[in-house]
K.L.:
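Got a structure here, written out as structure tokens. Questions coming.
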Amino acid sequence: MNADTLTNILFASLRVMTPLLLAALAGLISQRVNLLNIALEGLMLFGAFFAVVFGAQFGSPWVGLLFAVILTTLITLIYAVAVVELRANLIVAGLAINTLAVGLTSYLLVVLFNARGAYSPAGLASLPKLTIPLLADIPLLGKVLSGHGVLVYLSWILAGLTSVFLYRMPVGIHLRAVGERPEAAETAGINLKGIQYLALLLGGVLCALAGTQLAIGDLTIFNDSMINGRGFIALAAVFFGAGKPGLTTLGCFVFGLFEILQFRLQTSTSIPPQLPQMLPYLIVVLTLTGISLQKVIRKKRISA
Amino acid sequence: MQAESSQLEPTPSQPPPLEQTTPRLSPVAASLLRTLFTLLIALLMGALVMWVSGKDPLQAYRALLQTSLGSRTAVANSLLAATPILFTAMAAAVAFRAGIFNVGAEGSLYLGGFAAAWVGFTFTDLPAWLILPLAFLAAGLVGGLWCYFPAVLRSRLQVDELVTTILLNYVAILFTEYLVNGPFLVPGVANAMSPQVVPAARLPRLMPPSQLNASFLLALAAALVMIYLMTRSKLGYEIRMVGDNPQFARWSGINVAGVIERVMVIGGILGGLAGAGQVLGVHYRFIAGFSSGLAFTGMTVALLVRNSPVGALLAALLFGMLRSGSATMEIMTDVPRDLIRVLEATIIFFAAIEFGSLLWRRRRER
């Protein structure tokens, strides 16, 4: 493998890890208040749909981004009210959001554009790419880190901010307290419901960004199976990272790397494409198994 | 809604059964009322979506009713569409009762379907009485085995079964797609499909010209077996114990891990049989991507009727009607058939709000 191939692989991995990372941050924040967010998958699909539809309508990817965030957050609000206010079962409500996402977007696709399954508007540009001035000049590393879309860089900033938010800001510390000791947090006067709303709605914004990146980050296309389990892979990254932003980001990078490796296997060898396509899912399941195995062994060691 | 849900606040030990919230009604009447109410809300939600998008809801629902029940063939087609849903609904229901979210039936459906097709196009000399049981046996085995992996991960290592079964479904779908594109490719056929099964391996059709076939009877039989299993057998009792309170079940000497594994494997077997029924009764071959989320529809059914096997039977028939009617509704009234998914989502959403705190507590334990 020469240096060019390596930089290409790393560059592409950083690109495809972005929706995973944004969704994983959403899952992570919910996880920290002890809410397992199953709806990531559906919220991403909503984000992708609104980004393409409104981007095309107004001829600007930025407007698409804006509408994706606003509307996806509104849908997240329904989910949040059900979970926080009406004490809906979290998992089942999440599955409802996922089903609604598939149903409503496919329905609207037919009604609005007479398109079944996929829609690619003509004349909608994708979000711009950035060349980072000094970074781009570094040999090799510059090729890997510079020239990505705006949301790629935003996702890195947001990963850092999530860490600052959770460990340095009062709200974030309250949030963790609610997740770890709900009764104690409530006694201390923390607004439990407010924190839960905050966590879920922040997740909605992040999922909207994740969907936007998938839909108009590079290409400008929507199709009803474009999320393809990424919401659940993102959740797996959260499990892998044990709720810590740094490790979760690493998990997303690894899963992104395998997505690119499988893609290269498809294009560079004569192996039937379906076999490499299975690879990322298997790696995620193996990773989950590994973490749990480690936990079980550690527990045994403590009790022994 | 709010009044009722406030009464459903999870208590630490025992979720209040629905009967307590409506004391004047018998349990059956209460659950029937609740189900009808949920259905009504779903239909209203669907009407709202249609109305906002400039379609005529009344016309659409009339078309739906007509094309799913309007004639002998329409009824037969509804039963045909209900067949795999019956299997997957039972698979989801039995898992729910133990507090488990098993969506693995989707993967089992694909792999089991392929296994049945393979038997059907490989053992070409066998008579019908031998090849049909053999094909279903292979499908059940493969389907059950497929769910055994996530089951062991869940029961021994506490790996979240919802996440693993959903991810493994993608693997099963891709793997069967590979099989019919690679090793079992039929030359000269544009779509990814296996060779046809021999005539001996085809299930008899019950009401031609409809494709309704003997697998519907098998689904009914499977439903009866499941009802017996859930209400009368020792395993059913253990499943209910584990679902109500896993901690207590463990203290009572129940092998909780074993129960969880059996519940998920049963779901896998049912998924495999569903796949075999579709392959041997409808398509006569394996076609890549033929299921389109039947396991999720099964889950919706199980959520709608919440753990009542008899209710699951009726609700599966209803969803068969919706599925079979929606394609024709789309042609007749210009309302996309994806509307059915919106109805499903509404039903799941309300089930989530009403749902006993059973599964909620189990998640938090980990």
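By convention in this document, chain letters (A, B, ...) are assigned in the order of the sequence lines, proteins followed by strands, and residues within each chain are numbered from 1.
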K.L.:
Taking every non-hydrogen pair under 4.5 Å, which of A:Val296, A:Leu275, A:Leu288 racks up the most with chain B?
P.N.:
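Among A:Val296, A:Leu275, A:Leu288, the one with the most close pairs to chain B is A:Leu275.
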
K.L.:
Please examine the side chains of B:Phe149 and A:Val285, heavy atoms only from C-beta on, and report whether any two atoms are closer than 4.5 Å.
P.N.:
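Result no, sub-4.5 Å side-chain heavy-atom pair not found.
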
K.L.:
Would you say A:Phe113 has more than 12 foreign heavy atoms packed within less than 6.0 Å of its CZ?
P.N.:
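Yes, enclosed.
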
K.L.:
Take B:Val335 and A:Tyr107 through the side chain to side chain contact (heavy atoms under 4.5 Å, CB included) test and state the conclusion after the steps.
P.N.:
CA-CA 8 Å; B:Val335 172; A:Tyr107 176 90; 4.0 Å; yes

K.L.:
So which heavy atom on B:Ile348 is nearest to which on A:Val92, and how close?
P.N.:
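Heavy atoms only, the tightest pair is CG2-O, 3.4 Å.
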
K.L.:
With a 4.5 angstrom heavy-atom cut-off, which part of A:Ile78 approaches chain B: side chain, backbone, both or neither?
P.N.:
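Its backbone and side chain both get close to chain B.
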
K.L.:
Measuring from atom OG1 of A:Thr99 to atom CG of B:Leu343, what distance do you get when rounded to the nearest 0.5 angstrom?
P.N.:
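The distance works out to 12.0 Å.
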
K.L.:
Examine whether an atom of B:Phe175 lies under 4.5 Å from a heavy atom of chain A, and if so say whether it belongs to the side chain, the backbone or both; otherwise answer neither.
P.N.:
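Both backbone and side chain.
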
K.L.:
Does any part of the side chain of A:Ile91, heavy atoms only, come nearer than 4.5 Å to the side chain of B:Phe101, both counted from C-beta?
P.N.:
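When only atoms from C-beta onward are counted, A:Ile91 and B:Phe101 do touch, with a gap below 4.5 Å.
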
K.L.:
Before accepting this row, confirm whether a basic side-chain N of the pair B:Asp338/A:Arg116 lies closer than 4.0 Å to the acidic partner's carboxylate O.
P.N.:
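Yes.
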
K.L.:
Of the backbone (N, CA, C, O) and the side chain (C-beta and beyond), which part of A:Leu235 lies under 4.5 Å from a heavy atom of chain B, both, or neither?
P.N.:
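For A:Leu235, the contact with chain B is made by the side chain alone.
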
K.L.:
Hey, are the side chains of A:Leu95 and B:Phe296 touching, using non-hydrogen atoms and a 4.5 Å cut-off?
P.N.:
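A:Leu95 reaches B:Phe296 side chain to side chain.
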
K.L.:
Nearest 0.5 Å, what's the CG-CZ distance between A:Asn98 and B:Arg341?
P.N.:
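Reported to 0.5 Å precision, the distance equals 11.0 Å.
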
K.L.:
Under 4.5 Å, counting heavy-atom pairs only, tell me which of A:Gly94, A:Ala96, A:Pro280, A:Ala82 racks up the most with chain B.
P.N.:
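Among the listed options, the one with the most contacts to chain B is A:Ala96.
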
K.L.:
Starting at CD of A:Gln277, measure out to CD of B:Glu177 and round the result to the nearest 0.5 Å.
P.N.:
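One gets 7.0 Å once the value is rounded to the nearest 0.5 Å.
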
K.L.:
Is there a side-chain contact between A:Val110 and B:Arg337 (heavy atoms, below 4.5 Å)?
P.N.:
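With C-beta onward as the side chain, the pair stays apart.
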
K.L.:
Kindly check if the number of other-residue, nucleotide or ligand heavy atoms within 6.0 Å of CZ (A:Phe258) is above 12?
P.N.:
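No, not enclosed.
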
K.L.:
When rounded to the nearest 0.5 angstrom, what distance separates OH in A:Tyr281 from CG in B:Leu168?
P.N.:
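Atom-to-atom, A:Tyr281:OH and B:Leu168:CG are 11.5 Å apart.
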
K.L.:
If you count heavy-atom pairs under 4.5 Å with chain B, which of A:Asn228, A:Thr289, A:Leu109 comes out on top?
P.N.:
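Highest number of pairs under 4.5 Å: A:Asn228.
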
K.L.:
Check B:Leu174 against A:Gln274 and note the closest heavy-atom contact, atom names and distance.
P.N.:
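Looks like O-CB, 3.4 Å.
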
K.L.:
Which atom pair, heavy atoms only, marks the closest approach of B:Leu167 to A:Phe232?
P.N.:
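For B:Leu167 and A:Phe232, the tightest heavy-atom pair comes out as CD2-CB, 4.1 Å.
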
K.L.:
Check whether any side-chain heavy atom of B:Ser53 sits under 4.5 Å from a side-chain heavy atom of A:Val111, and report yes or no.
P.N.:
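Contact flag for B:Ser53/A:Val111 side chains = yes.
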
K.L.:
With a 4.5 Å heavy-atom cut-off, do B:Leu157 and A:Leu293 have their side chains touching?
P.N.:
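A side-chain contact under 4.5 Å exists here.
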
K.L.:
What I'd like to find out is whether the side chain of A:Leu100 reaches to under 4.5 Å of the side chain of B:Phe349, using heavy atoms alone.
P.N.:
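The answer is no, as the side chains (C-beta and beyond) never meet within the 4.5 Å cut-off.
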
K.L.:
More than 12 heavy atoms of other residues, nucleotides or ligands under 6.0 Å from CD of A:Glu180: is that the case?
P.N.:
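Yes - once you tally the heavy atoms of other residues, nucleotides and ligands closer than 6.0 Å, there are more than 12.
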
K.L.:
Closest approach of A:Gly103 and B:Val342, non-hydrogen atoms and distance?
P.N.:
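Taking A:Gly103 first and B:Val342 second, the nearest heavy atoms are C-CG2, 3.9 Å.
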
K.L.:
Taking everything shown except A:Phe253 itself, do over 12 heavy atoms lie less than 6.0 Å from its CZ?
P.N.:
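More than 12 heavy atoms, drawn from other residues, nucleotides or ligands, come within 6.0 Å of this atom.
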
K.L.:
Rounded to the nearest 0.5 Å, what's the gap from CG on B:Leu339 to OG on A:Ser106? Could you check?
P.N.:
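Interatomic distance, B:Leu339 CG to A:Ser106 OG, rounded to 0.5 Å: 11.5 Å.
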
K.L.:
Where does A:Asp224 contact chain B at under 4.5 Å (heavy atoms): side chain, backbone, both or neither?
P.N.:
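Interface part for A:Asp224: neither.
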
K.L.:
If you look at every heavy atom in B:Ala352 and A:Ala93, which pair is closest and at what distance?
P.N.:
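So the minimum-distance heavy-atom pair works out to CB-N, 3.4 Å.
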
K.L.:
Who wins among B:Glu344, B:Met299, B:Met50, B:Arg156 for the most heavy-atom pairs under 4.5 Å with chain A?
P.N.:
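The candidate making the most pairs under 4.5 Å is B:Met50.
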
K.L.:
So which part of B:Ile166 gets closer than 4.5 Å to some heavy atom of chain A, the side chain, the backbone, both or neither?
P.N.:
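Looking at B:Ile166, just its side chain touches chain A.
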
K.L.:
Please check if the number of heavy atoms outside A:Lys244 that lie under 6.0 Å from its NZ is greater than 12.
P.N.:
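Result for NZ/A:Lys244: open.
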
K.L.:
Is there a donor-acceptor contact under 3.5 Å from the side chain of B:Tyr170 to the main chain of A:Gly229?
P.N.:
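The answer is yes, because a donor-acceptor pair under 3.5 Å joins these two groups.
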
K.L.:
Given heavy-atom pairs under 4.5 angstrom as the criterion, report whether the side chain, backbone, both or neither of B:Leu153 touches chain A.
P.N.:
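When you check distances to chain A, only side chain atoms of B:Leu153 fall under 4.5 Å.
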
